Structures are given as C-alpha cells and as structure tokens.
Amino acid sequence: MTGTTESGTGEVVSKPRKSSWKYIGPGIVVAATGVGAGDLVATLIAGSKFGYTLMWAAVIGCVVKIALAEAAGRWHLATGRTLFEGWRSLGQWTTVYFAVYVVVWGFVYGATAMSSSALPVVALFPDGPSLKTWAVVMGLIGLVFVWFNQYAVFEKVMTVLVGVMFVVVVYVAVRVGPDVGASFAGLLPVLPDGSLLYTLGLIGGVGGTITMAAYGYWVNAKGWTSTGWMKVMRLDNRVAYITTGIFVVAMLIVGAELLHSSQLALTKGDRGLIDLGTILEDRYGTVTAKLFLVGFFATSFSSLIGVWHGVSLMFADFVERLRRDREGAPVDEGTTAEVAAGVKERSLPFRAYLLWLTFPPMTLLWLDQPFGLVVVYGVLGAFFMPFLALTLVWLLNSSRTPAEWRNGVLSNVMLVAAGLLFVVLCVQQVRELLR
C-alpha cells in the first residue's frame, strides 16, 4: 500500500493510509523523551500532598498534550514545511528567541540530563565510580549512540526504554495497592487548599517540553511527509499521550498510597526518586527497589537520547533555514523531505549541536550552576510552551495552512486554553526564579 498516487496530469496526490498500530513510533519517542525523572517526582509529590484528589488534572494534561502535538504534526504533514519554517514566517523575533533559547537551554539541560541518568546507576552500583564520572559516561554514550544511528534504530531503542518504564511504573503502582474508588473519585474536578500550583503543574508540566515541537520532525523522520499519513499520525499521537497519562496516574497512585498515607516526604528534584527507592526497599524488598531504579534509569536516559536526537534535528533545520535566507532560496525548497531522507541527521549543524549538548555542560557537573544562568534558563524554558501553543494557533488559522487542514473549533479551544495555561505557569515560574 503506497501513500501517494499519480494523477493523469502527473501531479502527485496524497492517498490516505488507514491508521494502524504497526506504524506507531514517533509517539512512543515523544512520550519517552517528554517524561523525565523530574516530572515523575513532581507527580509523586502532588500525590503525597493531596492523595487522589488531583487525578482529574492528570487526565486534562493528557488531553492538552494530545492537542498540542497533533497540531505540530498536522503542520508538518499539511504544509510540507517544518515548524521552524512556520515560526520563521511569523517574523524575525521567532528566530531571535529560538536562537537564544536553544543555546542556553541546551547548555544547562545537558548537565541536568547527564546527572539524572547517572543517579540510578550510582544507586544500583554504590561501590562503583562517582556520580560525576557516571554522568560523563551517560553523556558520551548518548553522543555516540545518536551520532552513529539514524531514526529507525533510535526509535527501536526508545521503544524498549518505554517498555521498561511502563512495566516498572505500572508494577510499582499495582504493588502499593491502588484505592480504585478513590481513583475514580479523583476524576471529579476539585481544588484543595494550596493545590493550585500543583494542579497547573500536573496539567502543563509533565511531558511538556521542547520535545513536543520535535514531534513533527520525528513524524517526518519516520517517513511521513504528506497528508496521506494524517490518520496514522493522529493515532500515533493519541498513543503517545495516553501512555504519558498512564505514567502520571501510576505515579500519583504511588504518591497517594505510599507517601500520603504515611506522611513521608521526598527530596525535590531527581534525587526524590532515590528516596522512593529506599522507601520501596523498606516496604517491599530489594528486588522491587532495584527494579524501580532500572525504571528510573530508563526514564532518564530515554529523555537524554530523545533530546540529543530531536532538538539536534530542530537546530539543524534552524541553521539550514538561516543559510537559505542568506542565499535567497525559495521558502519551500527541500524542507520536510530532507528530514525524511535522513539528510539532517548527517549534517554538520546536527552533529555540532550534539557536541554542544554533551561537552560544554560537563563543566557544570563540577560547578554550582551560576545563578544568572539558571535564571535565564528558567525564564526561557517557561516561555517556550506558551510560545509553542500560541504560534501554532497563529499558523494553523492562517493562509499558511491549506484550508482543509486548518484548526476547527475544538482545536482552537484546546490550543488557546493550553496557551493561557502555559502563560499562567510561565508567570508563576518567572516570579519564583526572581525571588
């Protein structure tokens, strides 16, 4: 079955494909990359403070992410242009923002991802090398893996890591014994005192990163480049964020059953998962604790290699667009077909950004992150999700998108709601950073 057919005039016409589980792939990648160790800790803490009360927020968050990623994927398939090309058409300001963001964010995130991946390894092998040494090793493994493999192999490895994450998180949730009645009661929207920020965080934070923008690039890297793949992309996207929703619900259950009832507290940040491993060992034995640490590693390392691949693709597209602008090349020359052909994965900008994510951040492993850099990183990161949501509304309601594939009422409502939510989260995060 092919995705295109040729008309009598020689014009290539998209032929719709039936949505099928056998095509699933980019969604698994974005789910694995978007959910990091820090997200799991935030969800655990929400469960530990409010029990099952915020379950509804996790479900709404899942729906919001489906709408955002679907919009990104739809732009790539409907226009044959990448998301950065769309941003570029909105004005020079998008280029300036993205240029600063991708450089500063990549520098700080690189150190964070390497440390997060090293933490469970140190816990599994306490007599081995130090955290810093393991962090460097994790960064180098990610670099070598992404450098020498293209999308097909990358997707297979990410699928294995998601499988490990899924089995471990669901196993732990079942092991602690969920209260089914309370879980369903938690689907009723309620805001306990002091829960607003946790609620907003659950809706907007888990799985909500630059990797949502990378989803369209992974859709193209999979070989999906025309509207004939639209149904497949939508199924793939739903699978991604339903999977993310299951992760979040499972961790809420663990937080509610294991921590809330016992009034136990976790350390904020990735180290909170080490605390949880210790609690699991005390309650359920060494095997469960070790299995959890393996799941922790799969969660962290999948985020590392996902960013190493996806954001490097975006950076390569960014550099290529600037080059074409300087040379006066047509706006729609090349574009998504180059991503599908694997050209960008072999390009100099792709590999240069891989090196940027790996080596300069290693210096932060030996230094306390400078306050000013952390503030800039936090502010830029806080602005990204509102930037993504609101620019997608702009692009998908304009003549830049073929009329058939522009936003309907539901898409507009979801994207505008997501944009407003992320603006509130952005303001709150910036206020906390500047205190």
Side-chain angles (χ1 to χ4, degrees), residues 30 33-36 38-39 42 57-58 60-76 82-106 108-109 196-217 237 241 244 307 310-311 314-315 318 374-398 400-401 406-407 410-435:
V30 77
T33 307
V35 180
D39 295 316
I60 290 178
C62 178
V63 174
V64 166
K65 305 307 188 313
I66 287 174
L68 276 167
E70 187 275 340
R74 176 155 44 95
W75 166 265
H76 277 245
T82 62
L83 187 54
F84 183 75
E85 289 177 284
W87 288 338
R88 184 80 171 131
S89 73
L90 299 179
Q92 187 71 23
W93 65 275
T94 59
T95 301
V96 173
Y97 170 76
F98 186 77
V100 177
Y101 174 82
V102 80
V103 171
V104 177
W105 182 88
V108 180
Y109 179 83
L196 179 60
L197 292 182
Y198 291 96
T199 303
L200 293 174
L202 274 178
I203 296 173
V206 181
T209 68
I210 190 174
T211 55
M212 296 195 69
Y215 178 63
Y217 290 83
N237 173 47
Y241 286 99
T244 300
V307 167
V311 184
M314 294 183 69
F315 182 78
F318 165 71
V374 172
V375 170
V376 173
Y377 165 77
V379 170
L380 289 170
F383 273 102
F384 185 80
M385 292 303 286
F387 170 78
L388 175 62
L390 298 175
T391 54
L392 282 171
V393 171
W394 191 345
L395 290 170
L396 291 168
N397 283 289
S398 71
R400 298 172 181 85
T401 304
R406 290 177 197 162
N407 279 355
L410 181 60
S411 292
N412 276 325
V413 169
M414 292 302 299
L415 289 176
V416 170
L420 294 176
L421 165 70
F422 291 128
V423 167
V424 173
L425 281 170
C426 172
V427 171
Q428 182 59 35
Q429 189 171 338
V430 171
R431 285 176 59 192
E432 289 182 2
L433 284 166
L434 297 178
R435 279 178 184 171

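The analysis underlying the following values was restricted to heavy atoms, covering all of them including side chains, and did not include hydrogens, waters or symmetry mates. If you read the sequence from its start, that first residue is 1, and numbering goes on from there. Source: prediction; values computed, not measured.
Rounded to the nearest 0.5 angstrom, T401 OG1 and W75 CH2 are separated by 4.5 Å. Between L415 atom CG and F422 atom CZ the span is 10.0 Å, to the nearest 0.5 Å.
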Intermediate values then yes/no, side chain to side chain contact (heavy atoms under 4.5 Å, CB included), Y217 and H76: CA-CA 8 Å; Y217 290 83; H76 277 245; 3.8 Å; yes
Worked check of side chain to side chain contact (heavy atoms under 4.5 Å, CB included) between T94 and F84: CA-CA 9 Å; T94 59; F84 183 75; 5.5 Å; no
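In this pair, F387 and W87 present their aromatic rings tilted. The plane angle is within the 30 to 60° band. Using a 30° and 60° split on the angle between ring planes, W105 and Y109 fall in the parallel class, below 30°.
At least one side-chain heavy atom of R74 sits less than 4.5 Å from a side-chain heavy atom of N407. Under the 4.5 Å side-chain criterion, counting only non-hydrogen atoms from C-beta, L90 is in contact with R400. Side-chain contact between L392 and L83: present, with at least one pair of heavy atoms (C-beta onward) separated by less than 4.5 Å. Side-chain contact between L68 and M385 is present, with at least one heavy-atom pair separated by less than 4.5 Å. Using a 4.5 Å heavy-atom threshold, the side chains of L388 and M212 count as touching.
Here the closest heavy-atom approach between residue N237 and residue A69 is recorded as OD1-CB, 3.1 Å. Closest approach of G86 to L395, counting heavy atoms only: O-CD2, 3.4 Å. What you find for F98 and I210 is that their closest heavy atoms are CE1-CD1, 4.3 Å. The shortest non-hydrogen separation linking E70 to S411 is OE1-OG, 4.4 Å. Summarising the geometry of T211 relative to G34, their closest heavy-atom pair is OG1-CA, 3.7 Å, with the distance given to 0.1 Å. Summarising the geometry of C426 relative to P386, their closest heavy-atom pair is CB-CG, 4.0 Å, with the distance given to 0.1 Å.
Aromatic rings of Y97 and Y101 (six-membered ring for Trp) have centroids within the 6.0 Å cut-off, being under it.
Among V64, V30, V63, the one residue that satisfies the side chain to side chain contact (heavy atoms under 4.5 Å, CB included) test with Y241 is V30.
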